[in-house]
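See structure below.
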Number of protein chains: 2
Amino acid sequence: MRGMSLRIALLGLLTAYGSASGYDLAKGFERSVAHVWQAGHSQIYPELAKMTADGLVTVEAEGARGRKIYSITSEGRAELRAWLIGHDPTGPARSEVALQAFLLPLLDPGEALDVLERLKAYVEQKLAELEAMWAAKHALPVPEGASGVKFGDLALDLGIRQTRTTLEWANDAMAQLERQA
Amino acid sequence: MRGMSLRIALLGLLTAYGSASGYDLAKGFERSVAHVWQAGHSQIYPELAKMTADGLVTVEAEGARGRKIYSITSEGRAELRAWLIGHDPTGPARSEVALQAFLLPLLDPGEALDVLERLKAYVEQKLAELEAMWAAKHALPVPEGASGVKFGDLALDLGIRQTRTTLEWANDAMAQLERQA
DNA sequence: AGGTGACATGTAAGCTTTGACATGTCAATC
DNA sequence: GATTGACATGTCAAAGCTTACATGTCACCT
């Protein structure tokens, strides 16, 4: 039960979409799950083939331009449910930003400030993107019959909060360095 | 210039330690960089060999039990500096916790609450660990001549803040779900 | 003298991930 | 009629990473 995450993400998106092609899923990955999990089409297409072989998804129909439309099977739904309910969270977070932060005291304060400045700019941009995503999602009225919490909202909220936290950290770190210099 | 991060982390630790064996670095990884970057000894030993070949580190001496003591070269220092100053941050954050959060609305509120409960317990434990690390580091008085900011402090602070943010998010998410149920 | 456990280094198989290559369809514009 | 660009699917090689295997030293305890 290791390295299931790509499968799970795909099953989740498929559930949300009802049915979709590999291409759709790849685009969906970029749009909605990107801040949570990344995968290119070169990973997605083979994985969908394996998942088909394992009976988690099926090719429901084939459209124009060789388009294959997948949908989730009941087995797939069971797998997804089991993972969500039974998976122990492991906190890896291999983060380049955090690594940079870790090593920052190796530079002299002036240089460290420059690095933090760039990092801050990056984080600000990312925050703007996430907030735009949130705004776009909530601009439309809630469709009838939908539950209160939209799919992916919790994760987007988490992403926004963490990005804000990083920004605050960068500001405080800069202030601390300036006091020293 | 991709996938340098392991190298950089090793060069950083070596700078901090002055000199160290692969074994020391592996232990140091567990203790101090783990929340920022992970690597087992089976990755560290071969990488040190490659770095030696590339002239970034040298085997300064060989001690008991086949122990090899590495130190950083001026080339290594240059590489580390260049990365820190010139590296554009890329925000991957492939996070299983965030993925779980993303998919949570697929469960019904009761089940989702259970998942959040476990997640919260995990995050609380992690927070306690990080805070214990901070306390341990700052219990000792600052050694003479040292700069104000200790090595790794900024990253630890960032980690603590982000873990706290995740905890707050979990609490709010749970409250929101309870209101619905 | 023997056992345990921390110290210490490595290799190998297998999986995931990335980036580049490769191919072809269809719609719209020039 | 030709070109461009989004649509659409795939493969492959190389790099990264994890897990397990494999070996040996040294200190301490019994």
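Chain letters run A, B, ... following the sequence lines, proteins first and then strands; every chain starts at 1.
The side chain of Gln43(A) contributes an N or O atom lying less than 4.0 Å from OP1 or OP2 of dT18(C). Tyr45(B) has a side-chain polar atom (N or O) that falls below the 4.0 Å cut-off from OP1 or OP2 of dT9(C).
Nucleic acid contact for Ser42(A): base, since at least one base atom lies under 4.0 Å from a heavy atom of the residue. The residue Gly3(A) sits close only to the backbone: its heavy atoms come under 4.0 Å of sugar-phosphate atoms, none of a base.
Linking Ile, Leu, Val, Met, Phe, Trp and Tyr whenever their side-chain heavy atoms come within less than 4.5 Å puts Leu107(B) and Val33(A) in one cluster.
In this structure, Gln38(A) places its CD atom 10 Å from P of dT17(C), rounding to the nearest Å. Rounded to an integer number of Å, the gap from Met51(A) CE to dT16(C) C1' is 15 Å. Computed from coordinates, the Leu48(B) CG to dT11(C) C1' distance equals 15 Å when rounded to whole Å. Atom C1' of nucleotide dT16(C) and atom CG of Leu99(B) are separated by 15 Å, given to the nearest angstrom.
Taking the 5' to 3' direction, DNA chain D first and last meets chain B under 4.0 angstrom from a heavy atom at dG16(D) to dC26(D).
Taken from CG in Leu106(A) to CG in Leu11(B), the straight-line distance is 10.0 Å, to the nearest 0.5 Å.
Annotation: of the two residues near DNA chain C, Ser21(B) and Gly66(A), the 5′-most nearest-nucleotide partner is Ser21(B). Where His41(A) and Arg65(A) meet DNA chain D, the nucleotide closest to each residue was compared, and Arg65(A) sits on the side nearer the 5' end. Between Ala64(A) and Lys50(A), it is Lys50(A) whose nearest contact on DNA chain C lies nearer the 5' terminus.
A salt bridge between Asp114(A) and Arg118(A) is absent, with no side-chain N of the basic residue lying under 4.0 Å from a carboxylate O of the acidic one.
Residue Ile69(B) shares its hydrophobic cluster (ILVMFWY side chains chained together at separations under 4.5 Å) with no other residue.
Taking the side chain of Tyr23(B) as heavy atoms from C-beta on, and the options dA6(C), dT17(C), dA12(C), the nearest nucleotide is dA6(C).
Using five terminal pairs a side, the axes of the helix from dA1(C)-dT30(D) to dC30(C)-dG1(D) at its two ends make an angle of 10°, given in steps of 10 degrees.
Between the Thr73(B) side chain and the Leu56(B) main chain, a donor and an acceptor come within less than 3.5 Å of each other. In this structure, the side chain of Arg94(B) engages the main chain of Gln38(A) through a donor-acceptor pair within 3.5 Å.
The aromatic rings of His41(A) and Tyr45(A) sit perpendicular to each other, their planes meeting at more than 60°, with 30° as the lower class boundary. Ring-plane geometry between Trp83(A) and His87(A) is classed as parallel, the angle between the planes falling under 30 degrees on a 0 to 90 degree scale with a further cut at 60.
At a cut-off of 3.5 Å, with distance as the only test, no side-chain donor of Gln180(B) or Gln176(B) sits close to an acceptor on the other residue.
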